[in-house]
Amino acid sequence: MTAIEVRNLHQRYGRRTALNGVDLTVADGEVVGLLGRNGAGKSTTVGVIAGLLRPDRGTARVRGLDPIADRREVRRLLGVQLQDAALHPSLTVRELVRLHRGFHATGADPDELIETLGLTGVRDTRFENLSGGEAQRTSIAVALTGRPRVALLDELTTGLDPEARRHLWRVITGLRADGMTVLLVSHAMEEVERLCDRVVLLDRGRVLATGTPAALIARTGGDTLDEAFLTLTGGAG
């Protein structure tokens with residue numbers, strides 16, 4: 001079954017075109033990296049899939065469901081971690097994870113999830129007092145409380161030190177082994193190469209290229225995905 005299907009998405013903000021006919025699919029159990037320069041349309045695409053934005057034109061489906069019309073059903077299936085997500089600043093990590101677990105009929109054990117994300121040492125710390133990396137991991141824990149079938153993860157390891165980054169990579173590898181589908185928005189090319197089955201590269205609101213990391217590297221004649229990205233986008237970062 002197709003976990004995520006996006007067809008002909010168009011979105012404008014005033015005079016600026018954010019999406020201009022974006023198509024993408026993610027199969028069940030697949031990890032797909034969504035890449036692009038700042039302003040390429042990644043966040044808008046994720047917002048539409050999550051049901052946070054209504055596109056000007058086109059459709060998005062999560063396991064066949066409309067994220068807006070079928071909002072309740074989609075929330076049971078979809079976990080969303082946004083880079084700028086705002087969680088209640090006065091609640092502790094444990095309180096936040098337990099609160100969001102309560103929104104789901106079934107889901108993960110909050111304390112096990114906290115341990116999995118490496119947050120045991122700060123479980124009684126208020127969100128407002130966490131470091132950037134700790135806040136990021138808390139947002140991910142909250143997104144996973146309902147054991148979603150599909151996860152949207154935006155800049156998964158921003159603000160994390162190398163050890164914490166590698167730990168999260170192992171977490172995502174484990175989720176994929178359990179059959180979870182992941183759409184991963186990232187600027188970290190090593191992360192995408194390591195975790196993703198395929199890559200979708202956006203540029204100026206269009207899909208510029210798609211394929212496995214190895215295929216994109218071979219297509220451009222480089223040695224790394226970072227080199228392939230720079231070649232395909234004309235050298236812009």
In the single-linkage hydrophobic clustering (I, L, V, M, F, W, Y; side-chain heavy atoms under 4.5 Å), do Leu152 and Ile68 co-cluster?
no
Would you find a donor on one side and an acceptor on the other, under 3.5 Å apart, between the side chain of Glu134 and the backbone of Ser131?
yes
From CD1 (Ile4) to OG1 (Thr45), nearest 0.5 Å:
11.0 Å
So does Arg7 have more than 12 non-hydrogen atoms from other groups sitting under 6.0 Å from CZ?
yes
Heavy atoms, side chains only, cut-off 4.5 Å: are Arg94 and Leu119 in contact?
no
For the atom pair CD (Gln11) and CG (Asn20), what is the distance rounded to the nearest 0.5 Å?
11.5 Å
Tell me if a side-chain donor or acceptor on Arg206 pairs with a main-chain N or O of Gly21 at a distance below 3.5 Å.
no
Any heavy-atom pair between the side chains of Val199 and Thr210 that's under 4.5 Å?
no
Contact check, side chains of Leu35 and Val192, non-hydrogen atoms, under 4.5 Å
yes
Can you confirm whether Asn8 sits close enough to Val22 that some side-chain heavy atom of one is under 4.5 Å from a side-chain heavy atom of the other?
no
Do side-chain atoms of Ser186 reach the backbone of Ala188 as a donor and acceptor pair under 3.5 angstrom?
yes
Look only at the side chain of Thr92 and the backbone of Thr125, and say whether a donor-acceptor pair between them is shorter than 3.5 Å.
no
Look only at the side chain of Glu193 and the backbone of Glu190, and say whether a donor-acceptor pair between them is shorter than 3.5 Å.
no
Given 3.5 Å as the limit, does a donor-acceptor pair link the side chain of Asp70 with the main chain of Glu73, or not?
no
With the side chain counted from C-beta on, respond yes when Cys196 and Leu184 share a heavy-atom pair under 4.5 Å apart, and no when they do not.
yes
Show your reasoning for whether side chain to side chain contact (heavy atoms under 4.5 Å, CB included) applies to Leu34 and Leu24.
CA-CA 10 Å; Leu34 187 61; Leu24 69 87; 4.3 Å; yes
Using a 3.5 Å distance criterion without hydrogens, assess whether the side chain of Arg137 forms a donor-acceptor pair with backbone atoms of Gly118.
yes
Would you call Lys42-Asp154 a salt bridge at under 4.0 Å N-O?
no
According to a hydrophobic-cluster definition based on side-chain heavy atoms being under 4.5 Å apart (Ile, Leu, Val, Met, Phe, Trp, Tyr only), do Val6 and Met1 belong together?
no
Can you find a side-chain donor-acceptor pair between Arg12 and Thr17 that sits under 3.5 Å?
yes
Counting only N and O atoms by type, is there a donor-acceptor contact under 3.5 Å from the side chain of His100 to the main-chain atoms of Glu95?
no
Residues, nucleotides or ligands: over 12 heavy atoms within 6.0 Å of Arg63 CZ:
yes
For Arg98 and Asp111: C-alpha separation, side-chain torsions, deciding distance, then whether salt bridge (Lys or Arg N to Asp or Glu O under 4.0 Å) applies.
CA-CA 8 Å; Arg98 287 182 173 178; Asp111 290 325; 3.6 Å; yes
Please evaluate residues Arg126 and Asn129 with respect to the criterion side chain to side chain contact (heavy atoms under 4.5 Å, CB included), reporting the C-alpha separation (whole Å), side-chain torsions for both, the decisive distance (0.1 Å), and the verdict.
CA-CA 5 Å; Arg126 291 184 178 184; Asn129 294 327; 3.9 Å; yes
Is a side-chain N or O of His104 found less than 3.5 angstrom from the main chain of Thr106, in a donor-acceptor match?
no
How long is the span from the NE2 atom in His167 to the OG1 atom in Thr157, to the nearest 0.5 Å?
12.5 Å
Below 4.0 angstrom, N of the basic side chain to O of the carboxylate: do Arg147 and Asp178 qualify?
no
Worked verdict on Thr138 versus Ile140 for side chain to side chain contact (heavy atoms under 4.5 Å, CB included)
CA-CA 5 Å; Thr138 301; Ile140 296 166; over 6 Å; no
Would you mind listing every salt bridge (Lys or Arg N to Asp or Glu O under 4.0 Å) that reaches into residues 167-176, with sequence neighbours excluded?
Arg176-Asp197
Please check if atom CD in Glu128 has more than 12 non-hydrogen atoms from other residues, nucleotides or ligands closer than 6.0 Å.
yes
Stepwise side chain to side chain donor-acceptor pair (under 3.5 Å) test for Ser139 and Gln136
CA-CA 5 Å; Ser139 296; Gln136 183 79 343; 5.2 Å; no
How long is the span from the OG1 atom in Thr44 to the CG atom in Leu19, to the nearest 0.5 Å?
5.0 Å
Any side-chain heavy-atom pair from Phe229 and Thr220 closer than 4.5 angstrom?
no
Return yes when atom CZ of Arg61 has more than 12 non-hydrogen atoms of other residues, nucleotides or ligands closer than 6.0 Å, and no otherwise.
yes
Val142 and Leu87, any side-chain heavy atoms less than 4.5 Å apart
yes
Please round to the nearest 0.5 Å and tell me the distance separating atom OG1 of Thr59 and atom CG of Leu9.
7.0 Å
If you define the side chain from C-beta out and look only at heavy atoms, does anything of Trp169 sit under 4.5 Å from Glu191?
yes
Nearest-0.5 Å distance, CG of residue Leu77 to OG1 of residue Thr181:
10.0 Å
